[in-house]
Amino acid sequence: MNSKKKHAWLTSNQMILVYIIAVFSLIVGIRQPAFWDFATVLNTMRAAIFTMCFALCEMIVIISGGIDVSFPAIGCVAMYVPMYIINRVAPIDNAWFAFGLAVLIGLAFGLLNGFLVAILNLPPLIATLATSSIASGGVVTILGTREFTVLPSSLQAIYNTNLITYTSPKTGFQYVLNVLVLVPIIVCLLIAWMLKYTMLGRGLYVIGGNKTAARVAGFNVKKLQFAAYVWSGVFVGVAAMIYNILMHSATTSALMGDEMITIAACVIGGVRITGGHGGVGGVVLSVILITLVQNNLNMLGIPTSWQRFVVGIVLLLGTIITSWQTKRSMKMSQA
Amino acid sequence: MNESETPYGSETVWGFFSKKERPGQNMGNEENKVFLKLKGIKKSFGGVHALRGVDLEIREGEIHCLAGENGCGKSTLIKAISGVHEPDEGEIWINGEKVEHMKPIDAINRGIQVIYQDFAVFPNLTVAENIALNGEVKNRKKFVNWKEIHQIAERGMAQVGAELDPDMPLEQLPVAGKQMVAICRAIVNDAKLLILDEPTTALTEKEVGKLWEVLRGLKKKGIAIMIVNHKLDEIYQIADSLTILRNGKYISSGKISEYNDARFMKDMTGRDLVETKYDPAPSDEEVFRVDHLTLKGRFEDVSFSMNKGDILGLTGLLGSGRGEIGEALFGITPPESGDIYLNGKKIEIHSVADAIKNKIGYVPEDRLTQGLFMERSIEDNTIASSIRDYFHGMSLNEKEMREASERWLKDLSIAAPSIDPPVRTLSGGNAQKVVIAKWLNTHPKLFILNGPTVGVDVGAKAEIHDILRGLAKQGIGIIIISDDLPELLQNCNKIVIMNKGKVRLVTDNKIDKLSL
Ligand SMILES: Nc1ncnc2c1ncn2[C@@H]1O[C@H](COP(=O)(O)OP(=O)(O)O)[C@@H](O)[C@H]1O
Ligand SMILES: [Mg+2]
């Protein structure tokens, strides 16, 4: 019994991700000894910030039995509108205003998603596609397609605040890690706790597992669905503003297309696309793996033009492993 | 001296045929308090009168069986008891107190717990959570105390006598395990009346035995139990008393000892349903014959023939080749050698297309995945195999398609308001009739059915048998593949018994049923 549990743990989704990360790091490290440097950790963390934030949005929605393809569009609106106002309407140089407005915009579209899915009972894919078009089309029509590359000083101040500054003894280069990295880290911990120790969290799993049974048991299914989409909207607002600060760029299309890699990150991390499964741990590992691959392929001598292809292969392998794991779990019930 | 303690194995033997003493008969529950009493419950949906005045009385520490054919209103009655549907008329008394405008939560608070056919469990959560979570919601908990969840689960499993790993994800449990979890959940939520809607449909014989053991244990604790079931042998095994509904009407109720096979059938179906043995007029006109049919590894040297009017039964253990012969004749896995004659003409079968061209119809064992498009309408399913007949040039003749479907709906008395609802909404017996309609619409000359009445209730079963007999009389060759021996003995005038891929015995079924 105990050895069976141990075996199950050793072959769990998360452990397999750990193995793959270890093997990949080993290969890169052998080809490029420069990889073995604290700088790699900092680089990976910095590059992983956005994917991690987006995955935290998408994960909650998928666990609840839905899917959200609207967060890139919502994010774009949430960073573009405040920057448009600051640059062209009224120079409100206040970080609270920028983040606050981004959150409000995210909240509005999250409520729209919640309404379409929970109240109108539209299939989540269709509902969030519609929201995506409304958000994206609306902002382009009303406010045009500019690019804002200069931050107001309050946001620039955040950009200049680093958590860690590190000078590599090997190369002499200086590496920094922005304070905003704390956002996904703290939110990861909060979400992990929420999912495991609150009825809200269990409720999300419950409606992802069996909506009818959830209703019979007395869960408020509509409220929980609203919670998932509203969370996704609100937090993508925050994430988009972080993007704007770190990249010095706010456009109406910067994040478009990110939904695919985000959904893939969730699925590889053990969040089953059919809902009700997965958690923060697996998604963190999966985001780390994807970021490592994206960042270090050139170290392996693979030309940049091949990167998308290789990332695609990694996604495919990861998805195959998860679906194989799912099947294995289902098969045990036949035994 | 408690009959109900007899091991399961011996019960099955006498459960079906004999009228010896049965459990419950001498349990003497007269003194037990009445827990639930229904008077004249009526409920209609639009124009459908699902319940037309039902009385029911269930006592503490009693196992009460609710029986009736599919669609007679059993599930609707359960929903009335559990507060899901408010009855249009009638009284509900719980524990001597009249309850009005009952909502689901009121029913739960009064100790009524229903285990629906899908168990309403969460496949993605652990056993422990499944048992404890509903109670936590009811108590309006905001946070999860995992230690408490485990304690509740352990307590529930101890009370029920279930041994499950509390940390096991539910999706890894077999159906019977999920059902146990649902029972444990009902018990930790203080069930005083436990209602199970058709609990044995997906269970193996051994699992049914375990379920009875658990229910008898709960009964001893004074819990009232109501089971929806229409399998006679199972009712004899477990029930103390019985209520029979037909067409939403209360028909009869009483101690199990007051019933025998004949009364049960009569009350269920409204007909004297003593199925007569099939005995067609002898004929020399050969309809179908196979000589030395062989498919290596499946079956070898199989020969048999059928004359006009014959219904041929093909039986044997699983893996004996009985199912494989059906699949071979329909061209799914074509035979390698041997000759096939249909109506005196030699035919070749190398593919399903060959079989269909030669007017052979086949109802597979697993009709849900192989024989039907569950989400499509009755009409779409009925014409699925004969759609070519309705092409006139480039267009489909919709009118003819509807007419054909409507004719089968009537001829096979499929219980559905029209040919438009999806097959998913039909009961097992009616779904099976749609499969039969689909093939009859191709006007087959040979009709092979694998397990034609699996999951079909008694009334519909008899109807399907009648249909097959009628077809045989018209000269269509009927082959029934089944392991349901009583069914074969009653409906086939010729039986081929297979063993390890070879024909062991061909009988003309003159053996008496009891001498077997
Ligand atoms: N919600 C509903 N709306 C309309 N008709 C219904 C509904 N529920 C049940 N019925 C009808 O009531 C009758 C009894 O159904 P049901 O109680 O499910 O039968 P059983 O459980 O005995 O098979 C059937 O004719 C069914 O079509
Ligand atoms: Mg029913």
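Just so you know, these numbers use all the heavy atoms, side chains as well, and skip hydrogens, waters and symmetry mates. Lettering follows sequence order; numbering is per chain, from 1.
- For E136(B), the parts lying near chain A are the backbone and the side chain together; criterion is any non-hydrogen pair under 4.5 Å.
- Ranking A214(A), G208(A), G203(A) against chain B, the residue ahead of the rest is A214(A), based on heavy-atom pairs under 4.5 Å.
- Residue contact with chain A, scored on non-hydrogen atoms closer than 4.5 Å, involves the backbone and the side chain of K141(B) alike.
- With values rounded to the nearest 0.5 angstrom, L224(A) atom CG is found 7.5 Å from F219(A) atom CZ.
- Although no hydrogens or angles enter the test, the distance criterion places no donor-acceptor pair under 3.5 Å between the side chain of T76(B) and the main chain of A50(B).
- In terms of non-hydrogen atom pairs under 4.5 Å with chain A, the most contact-rich of L133(B), I108(B), L125(B) is L133(B).
- Heavy atoms closer than 4.5 Å to chain A are found nowhere in N189(B), neither backbone nor side chain.
- Heavy-atom pairs under 4.5 Å with chain A were tallied for N145(B), V144(B), V114(B); the largest tally goes to V144(B).
- Side chains of D68(A) and S232(A): a donor-acceptor N/O pair is present below 3.5 angstrom, by distance only.
- Ranked by heavy-atom pairs under 4.5 Å with chain B, the first of A217(A), G275(A), G218(A) is A217(A).
- Using modelled atom types and a 3.5 Å distance limit, the side chains of H101(B) and D106(B) yield no donor-acceptor pair.
- N113(A) and T131(A) are linked by a side-chain donor-acceptor pair at a separation below 3.5 angstrom, with hydrogens and angles left out of the test.
- P104(B) does not touch chain A: none of its heavy atoms, backbone or side chain, sits under 4.5 Å away.
- A salt bridge links R272(A) with E171(B); the closest basic N to acidic carboxylate O contact falls under 4.0 Å.
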